[in-house]
Number of protein chains: 2
Amino acid sequence: MVRPTMEDVALRAGVSRALVSLVMRGSPKVSEMRRTAVLKAAEELGYSPHAMARSLASRTSTVLGVMVSDLHNAFFAEVVDGIDEVAREQGFDIIINTGGRSPARERRALESLLSFRPAGLILLSPVVPATAIGKAAEQLPIVLVARSSRVSTVDTVNDDGEQGARLAVDHLVSLGHKRIAHLDGGEGTQAGPRRRGYIAAIEAHGLTPQVVSSEYTDAAGARAIRSLLSDGALPTAILSCNDFNAVGAISALEDAGLRVPQDVSVVGYDNTSLAALRHVSLTTIDQPRAEFGRLAAVALLQRVREERTEPVRHLLNPSLVVRNTTAPPATSRRSSGPLLSSTAAGDSAGSGDTTADSQARSPERRSRDQ
Amino acid sequence: MVRPTMEDVALRAGVSRALVSLVMRGSPKVSEMRRTAVLKAAEELGYSPHAMARSLASRTSTVLGVMVSDLHNAFFAEVVDGIDEVAREQGFDIIINTGGRSPARERRALESLLSFRPAGLILLSPVVPATAIGKAAEQLPIVLVARSSRVSTVDTVNDDGEQGARLAVDHLVSLGHKRIAHLDGGEGTQAGPRRRGYIAAIEAHGLTPQVVSSEYTDAAGARAIRSLLSDGALPTAILSCNDFNAVGAISALEDAGLRVPQDVSVVGYDNTSLAALRHVSLTTIDQPRAEFGRLAAVALLQRVREERTEPVRHLLNPSLVVRNTTAPPATSRRSSGPLLSSTAAGDSAGSGDTTADSQARSPERRSRDQ
DNA sequence: TTACAGCATTAGAGCGCTCCAACCAATAGA
DNA sequence: TCTATTGGTTGGAGCGCTCTAATGCTGTAA
């Protein structure tokens with residue numbers, strides 16, 4: 001249970017501690033003979049460097065802290081993948097902590113992360129107040145993902161929710177829909193831009209917006225549909241604030257004897273793994289999640305290396321993924337239009353996405369910096 | 001960008017560094033006067049202790065490392081919640097790292113975690129070879145979740161997959177099913193116990209097992225159903241190896257014009273959030289995930305405090321959650337039996353679970369140690 | 001020969017903290 | 001009176017490492 005130290009390795013290799021240190025850090029100014037001797041001794045003792053002692057002595061850190069507001073949401077997992085990829089490339093390690101969507105717990109997580117004195121911090125959709133972020137930003141570089149900030153020392157990476165909503169509306173309009181409602185995300189992150197984008201796009205097409213108050217859950221989506229049904233105000237197409245909401249809406253529609261997409265089209269938002277399930281096969285808006293992570297890591301490392309001082313505000317383009325929950329409206333139907341579960345046969349792993357999906361996954365995503 | 005040290009606080013409060021240290025650690029042997037003076041100075045300077053220096057000096061750590069094999073799987077998020085709960089209670093912090101289901105990356109994650117010299121490590125369903133775990137176990141206490149081990153210094157927490165499968169089979173048999181197939185999880189973790197439990201339970205009822213080779217994905221579930229259909233070997237009930245597989249199976253059944261549960265009943269395994277969606281409403285087997293986390297943390301802390309040296313092997317009882325994908329078989333049907341989407345109305349957040357579900361969520365879960 | 005590079009190597013200070021032994025009243029006991 | 005005892009406080013060593021400046025050791029030029 002006791003790990004060997006640099007001293008032990010030095011003794012065994014017959015050199016000084018400082019020399020071992022140089023070898024461990026891959027310094028070029030070590031003779032090949034000594035280097036192999038040291039590495040051999042280290043190997044034999046099972047030595048591995050003590051990261052904390054190292055960072056204490058060097059007053060630098062090769063650790064990036066990542067605060068994930070909600071581990072239950074697979075959205076963040078892909079962002080972390082992107083962060084990890086870049087960090088590893090650049091010789092940095094990441095440590096993760098979670099806030100469980102509670103400001104108090106998140107604050108604690110932040111404090112804990114800070115106590116390791118990482119080189120920088122990436123916060124994924126944090127719910128702590130802006131002042132807390134500002135205070136932390138005085139101590140180390142911080143990048144925010146899926147949350148905006150006005151602090152000039154903080155970089156941000158977001159998706160363009162307005163554009164995403166516009167893509168969805170354009171898709172539905174091009175199918176022939178004229179009555180398109182939006183199930184709104186209320187106070188949820190990014191709900192604002194999505195709502196604004198929806199309204200702007202609807203009006204750009206000369207149509208009338210219909211915003212129904214809802215939330216980011218499947219139960220809320222179902223509730224919203226039931227209220228539309230009881231008001232007799234059901235449109236021919238629905239743009240939900242996210243995928244969960246959309247799935248709830250679909251359930252409520254089917255419960256009421258309506259078919260999706262024959263009677264009503266539904267579009268989600270986020271392209272979660274849920275949407276890709278063949279049982280669901282939801283038309284939705286994809287965000288380049290891994291790219292979020294990569295850009296966040298790159299931005300953070302620039303700050304860490306003091307290569308940049310002006311803030312960077314990445315606003316990424318979402319893309320439309322057409323699956324089986326959208327079709328022309330019933331009145332204007334001819335014969336075409338994908339049906340739910342119409343792609344029965346075929347052994348491919350794919351879930352019947354159209355080409356828009358492969359586009360969604362293409363790497364050459366543009367990023368609009370401003 | 002430069003944080004104050006204990007020295008700064010001591011200077012400002014007019015005391016020694018050692019006294020500040022005592023205050024920071026909440027020692028009782030400090031006069032009230034000095035204590036408030038120190039806390040005031042710390043507050044004014046925005047001081048917070050340097051976790052790494054502390055752990056270096058004290059040769060102890062209040063950090064528990066958690067290696068999550070796959071962040072994309074919400075299963076682990078709930079386990080982490082359980083760990084976090086206990087750790088926080090006991091004054092420990094956790095840091096998380098992820099292995100992305102790749103042995104190489106996982107190994108790196110392990111190495112990174114180890115370099116922080118945490119008090120102990122919890123590995124969630126690790127895929128690294130047993131030898132790597134054994135080697136790490138020589139350096140610090142380790143607890144494995146959702147993976148077994150024979151190493152006597154390693155504790156484990158698992159669910160009783162055999163019992164879970166038995167619960168599912170018993171449920172289906174009690175509904176009147178006689179032909180029940182198992183879509184097998186192949187090489188996947190825990191697939192073995194589930195398969196064994198299925199076979200044992202089927203034979204205990206005097207029936208004939210029918211194991212269909214499959215995997216832990218929805219595409220694989222659909223594929224398995226199609227092969228059953230083309231062989232003309234479709235049973236009246238399916239026990240899938242997990243929820244994703246079950247959802248894929250349901251899709252394929254519906255694609256073939258069969259109704260679930262009227263024509264075929266389907267049971268999943270894991271009770272993921274997916275299963276609880278009203279659109280899916282899958283009958284499944286629930287594992288007490290948060291309890292996994294809690295027990296793992298408790299076991300680890302016992303080792304950390306050297307309160308125990310014999311290994312502990314928790315084997316938790318899973319429970320059945322009845323939703324809307326199981327019903328009596330078509331031939332023996334009378335009138336009862338829940339139908340898919342039969343619980344249309346009602347604004348509750350619930351998803352139409354029967355009482356078995358509330359039982360599933362009850363806290364008084366037994367744990368069978370051996 | 002001496003001087004001086006140039007390179008590999010090392011001693012030693014110090015990173016921010018904890019911990020131990022020592023210290024210093026102030027009080028209690030003999 | 002002197003000696004313990006107690007509670008609060010402090011200096012200093014040291015955790016495992018990095019970093020700077022200094023050291024020794026060639027080889028080459030003067």
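Note on naming: letters A, B, ... go to the chains in the order of the sequence lines (proteins, then strands), and numbering restarts at 1 for each one.
- For the pair Leu64(B) and Pro118(B), the minimum side-chain heavy-atom distance is 4.5 Å or more.
- For the pair Leu22(A) and Val38(A), the minimum side-chain heavy-atom distance is 4.5 Å or more.
- Rounded to an integer number of Å, the gap from Met33(A) CE to dC25(D) P is 14 Å.
- Nearest approach of Arg107(B) to Ala132(B), heavy atoms of both residues: NH2-CB, 3.8 Å.
- Met6(A) places its CE atom 11 Å from the P atom of dC19(D), with the value rounded to the nearest Å.
- Comparing Val30(B) and Ser58(B) against DNA chain D, the residue whose closest nucleotide sits nearer the 5' end is Val30(B).
- Atom CE of Met24(A) is separated from atom C1' of dC17(D) by 12 Å (rounded to the nearest Å).
- Taking atom CE on Met52(B) and atom C1' on dT18(D), their separation rounds to 14 Å, with Å as the unit.
- Spacing between atom CG of Leu22(B) and atom P of dG8(D) amounts to 11 Å, rounded to whole angstrom units.
- When each of Pro28(B) and Arg25(A) is assigned the nucleotide of DNA chain D bearing its nearest heavy atom, the one mapping closer to the 5' terminus is Pro28(B).
- Side-chain contact between Gln287(A) and Phe292(A) is present, with heavy atoms from C-beta onward closer than 4.5 Å.
- Between Arg59(B) and Leu56(A), the residue whose closest nucleotide on DNA chain C is further toward the 5' end is Leu56(A).
- Close approach of DNA chain C to chain B, defined as any atom under 4.0 Å from a non-hydrogen atom of the protein, starts and stops at dG16(C) to dC19(C).
- Within 6.0 Å of the CD atom in Glu307(A), the count of heavy atoms belonging to other residues, nucleotides or ligands exceeds 12.
- When the P atom of dC17(D) is taken as reference, atom CZ of Phe116(B) falls 14 Å away, rounded to whole Å.
- The distance from the CG atom of Leu123(B) to the CG atom of Leu110(B) is 6.0 Å, given to the nearest 0.5 Å.
- For a distance-only test at 3.5 Å, the side chain of Arg17(B) fails to qualify as a donor-acceptor partner of the base of dT9(D).
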